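What follows is one structure encoded as structure tokens, with my remarks underneath.
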Amino acid sequence: MKSEQQQYGAIFDMDGTLADNIPVHMRVFQGIFKEHGLDVSIDTLLKEGNGLRNPEILEKFLPHTTDAEREV
């Protein structure tokens with residue numbers, strides 16, 4: 001049966017919706033923090049960084065960095 005009207009949809013926030021990419025993000029953050037001499041567990045990252053944007057996570061764990069460095 002052919003419909004007279006076509007319906008469209010869009011997914012704007014695919015992180016965590018279509019793919020569970022949180023483990024990848026956490027490993028990347030661990031690598032960045034390790035470069036700065038910090039050993040942060042994934043559990044800590046999830047507890048303290050959940051719901052924050054990347055620059056906010058970086059500011060929380062690396063407060064000595066500049067805004068420009070956190071936007072990279």
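Owing to the predicted nature of the structure, the values given are computational and were not obtained by experimental measurement.
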Leu62 and Ile32: side chain to side chain contact (heavy atoms under 4.5 Å, CB included), yes or no, with the steps? CA-CA 10 Å; Leu62 300 172; Ile32 292 168; 4.1 Å; yes
Do the non-hydrogen side-chain atoms of Phe29 and Leu58 ever get within less than 4.5 Å of each other?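 A side-chain contact under 4.5 Å exists here.
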Closer than 3.5 angstrom, by distance alone: can the side chain of Gln30 be matched with the main-chain N or O of Asp39 as a donor-acceptor pair?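 No; judged by distance alone, with no hydrogens or angles, the pair does not exist.
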Can you check whether Leu45's main-chain N or O pairs, donor with acceptor, with Glu48's side chain at less than 3.5 Å?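 Looks like no, no N/O pair under 3.5 Å.
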Rounded to the nearest 0.5 Å, what separation is found between the [atom1] atom of [X] and the [atom2] atom of [Y]?
X: Arg53; Y: Arg70; atom1: CZ; atom2: CZ; result: 11.0 Å
X: Glu59; Y: Asn54; atom1: CD; atom2: CG; result: 13.0 Å
X: Phe33; Y: Met26; atom1: CZ; atom2: CE; result: 8.5 Å
X: Glu71; Y: Thr65; atom1: CD; atom2: OG1; result: 10.5 Å

Minimum heavy-atom distance between Thr44 and Phe61, given as atom pair plus value: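 Closest heavy-atom pair between Thr44 and Phe61: CG2-CE2, 4.1 Å.
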I would like to know whether Leu52 and Lys60 meet side chain to side chain contact (heavy atoms under 4.5 Å, CB included); could you show each step before the answer? CA-CA 10 Å; Leu52 299 178; Lys60 182 176 191 72; 4.2 Å; yes
